[in-house]
Number of protein chains: 2
Amino acid sequence: MKRETNLNPTMKDVAQESGLSLATVSKVINGLPVGKASRQKVEAAIKKLGYQVNNYARALKSNKTYSVALVLPSLKHPFFAYLTDELTKSLMSRGYRAILMITNYDPDAEQKSFAMVRSNKMDGVIALTYSPDLEVGDSISIVTIDRHLDEDIPCVSSDNFRGGELAAKKLIDLGCRKLLFMRITSRIQGEPNKRCAGFESVCQSRNIDYETLLLMDDEPEEPIFQFLENHIHDGEFEYDGIFCNSDILAGQVIRFLSERNISIPDQVQLIGYDGIIDRLTDSYVCSTIEQPIAQMAETAVNILLNPDENNAGANICLPVRYVSGGTTKE
Amino acid sequence: MKRETNLNPTMKDVAQESGLSLATVSKVINGLPVGKASRQKVEAAIKKLGYQVNNYARALKSNKTYSVALVLPSLKHPFFAYLTDELTKSLMSRGYRAILMITNYDPDAEQKSFAMVRSNKMDGVIALTYSPDLEVGDSISIVTIDRHLDEDIPCVSSDNFRGGELAAKKLIDLGCRKLLFMRITSRIQGEPNKRCAGFESVCQSRNIDYETLLLMDDEPEEPIFQFLENHIHDGEFEYDGIFCNSDILAGQVIRFLSERNISIPDQVQLIGYDGIIDRLTDSYVCSTIEQPIAQMAETAVNILLNPDENNAGANICLPVRYVSGGTTKE
DNA sequence: ATATTTATGTTAAACGTTTTACATTGGCAA
DNA sequence: TTGCCAATGTAAAACGTTTAACATAAATAT
């Protein structure tokens, strides 16, 4: 019994249906010059059969897969989620597919991701990894975000040093005189660590009292709240300005202080980092240093797909800005 | 000049290096029976050349791509982000790749996603779509989450009706006598709409005063806050129990009421929906009805990849539970 | 009228696998 | 020695494309 409709018609079927050769069909599909009459015949056949290009065959032949791997530790942190969202849209708008790889901060998984990329002949990787020593190998093009993997691998990040500076300046300008910088950070040397340096340099040059509270991301978080608790005396918090490493952390601090009736921004002003926006109200969750996430994504994709501009070891540093979100006096 | 190291060695290279045939190499790679001596020779050659299977060639031949598309509107809502995180991990653990497609709630993009799936001969789709009338066509296997696309497409969701019931019961048991249900919902008939029915059925059978505040997700959100404002009189909110459609919405409401000095949970108790966890403190952002997101992901992947169990039009409904998160009295 | 160019199509080889059908070898029974 | 079987390996076709090299016919120039 002959099947009435072929579920997966191939170019050969289209050729037969239209009475033309395989090559002609291919030309029509790829927009190469073909006689008008033939083109119409082919198009009709394609429509009739519901033909769809088989990208695997195409990739095999042309050695171009139009797919890019996104290697990230998790999607449970909004910064990663936002970034992935933007990266994916950016790739899709250029006709590329995004292969998502979640590594869970696991060096093994990160390493395996790169093997996968190679074995799937993907066109490239955009990676945000945490292993200190990742075997990258050449033959795949990589762009990292916020991490320096290797001398000649371009890295896209926001201007973290400047971000730290901005936060410190703003707090000081708004009248704060005793500052606290809270950060949860990883042991790997990544771009975000520069926020601290920026913050401290301003405090020092302006001669402002400050403290840096550092916690590694593989340690339990209680110490941070313990610290806060210890510095509340008679309903007053010892510091009048706080800069947090992320909006998420800021949110926690806000909550903690509110519960203890420390008023923000009256008693303490607070600036976060990232620029996370509440989807519902389209407003920032706190005053913050906003990273240009969409622009970072766009740039990363751009560099990955157009390596012509000689940005081999380029370190693209995109501008951040301060935005008010209710946790500062302005 | 002969290249010293071949960047992309193929099975042919391995065959040559080991002095054996292509077929033998293939057998070794696929774990088929092969003489011990030959196997070792091949393995040595593979290691020496750094050979990696070309999955595109393999997919072309075997018609199995080991890739699944994840079609979602956005990653900017934590529920979607969490779900994507779990889905991806679930797929990866089974050796599948996750192709992420962000549709931005755009029907066109949703439709195109399905075309892409077909053209890339992907093994399936897990979709969370918003178009009322999506042309699915057969020949691709689909599992939806929270949406009913078609009679014979399995749908995985949490028990939304029960979730609504649970929330109402809890609030009433904790002493609330005037309830408010706030929802932002889409026009498409999706599973989450059942929360309302569950909530109302309990209120009615227990004879409790309640109001339902409904807003479409394509309308501006101000009316909701306007409503809240209108129902605050002399520092008292008219309702003593609120059930929100999502934790995100709940967060907004909490903030709004706090700013107006309405105390939660003393004056008003509040239950959200989803079970979003703050990454930092590993605690719920509010009292909530928790969806078993990881289990939903696991189930969806399972059904998609093992269609043997006759779950053609299956409607898998996973249990939800109430968890306390500080915005209720218990 | 013939030669030359141009426009359009076609054939067939490749891409890197998998897999069926076939070939070789050696061991063993008769 | 001959014949047979199992064990192991090989050759070659196939998957659905792309593309270089070639063929044909029509159109123009000589």
Side-chain angles (χ1 to χ4, degrees), chain A residues 6-43 45-46 49-67 95 97 116-123 139, chain B residues 6-46 49-67 95 116-123 139:
Chain A
N6 187 340
L7 260 302
N8 274 43
T10 77
M11 277 184 25
K12 206 178 344 184
D13 298 323
V14 175
Q16 190 154 21
E17 174 73 29
S18 64
L20 292 163
S21 81
L22 216 53
T24 306
V25 174
S26 172
K27 282 177 187 162
V28 169
I29 288 166
N30 294 299
L32 299 173
V34 146
K36 204 170 175 186
S38 309
R39 157 159 280 123
Q40 286 179 344
K41 276 192 220 164
V42 171
E43 277 163 354
I46 288 178
L49 300 180
Y51 168 79
Q52 301 258 148
V53 173
N54 179 327
N55 280 322
Y56 278 80
R58 176 179 275 182
L60 174 60
K61 187 67 182 112
S62 62
N63 214 21
K64 192 97 177 60
T65 64
Y66 292 96
S67 63
R97 288 185 287 289
M116 251 226 181
V117 169
R118 199 171 297 111
S119 144
N120 282 67
K121 305 288 179 266
M122 296 185 192
D123 294 333
S139 89
Chain B
N6 188 339
L7 261 303
N8 274 43
T10 75
M11 278 186 20
K12 205 177 348 185
D13 298 322
V14 174
Q16 190 154 22
E17 174 73 28
S18 64
L20 292 164
S21 82
L22 217 52
T24 306
V25 174
S26 171
K27 283 177 187 163
V28 170
I29 287 166
N30 293 299
L32 298 174
V34 147
K36 204 171 174 186
S38 309
R39 158 159 281 124
Q40 286 180 345
K41 277 193 219 163
V42 171
E43 277 163 355
I46 287 177
L49 300 180
Y51 168 79
Q52 302 256 147
V53 173
N54 179 328
N55 279 323
Y56 278 81
R58 177 177 274 184
L60 174 59
K61 188 66 182 109
S62 62
N63 215 22
K64 192 96 176 62
T65 64
Y66 291 96
S67 62
M116 252 226 181
V117 168
R118 199 171 297 112
S119 142
N120 282 65
K121 305 289 179 265
M122 296 183 192
D123 294 333
S139 90

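When reading the values below, keep in mind they use all heavy atoms of this one structure, side chains included, and skip hydrogens, waters and symmetry mates. Within every chain, numbering begins at 1; the chains are lettered A, B, ... in the order of the sequence lines, protein sequences first and strands thereafter. In this text the structure is predicted, and so the values were computed from the model without any measurement.
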Seminar exercise, completed: Protein heavy-atom contacts under 4.0 Å, written 5' to 3' over nucleotides 10-20 of chain D as B (base), S (sugar-phosphate only) or - (none), form the string BB--BBBBBB-
If every non-hydrogen atom of [X] is compared with every non-hydrogen atom of [Y], which pair is closest and at what distance?
X: K64(B); Y: D123(B); result: NZ-OD2, 3.4 Å
X: M122(B); Y: M116(B); result: CE-O, 4.4 Å
X: S67(A); Y: Y56(B); result: OG-OH, 3.6 Å
X: A45(B); Y: E17(B); result: CB-CG, 3.5 Å

For this session: Starting at atom OH of Y56(B), determine the distance to atom P of dT18(C), rounded to an integer number of angstrom.
Result: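 Taking atom P of dT18(C) as the reference, OH of Y56(B) is at 16 Å.
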For this session: For the pair T65(A) (side chain) and K121(A) (backbone), establish whether a donor and an acceptor sit closer than 3.5 Å, ignoring hydrogens and angles.
Result: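 Indeed, once roles are kept as given, a pair shorter than 3.5 Å links the two residues.
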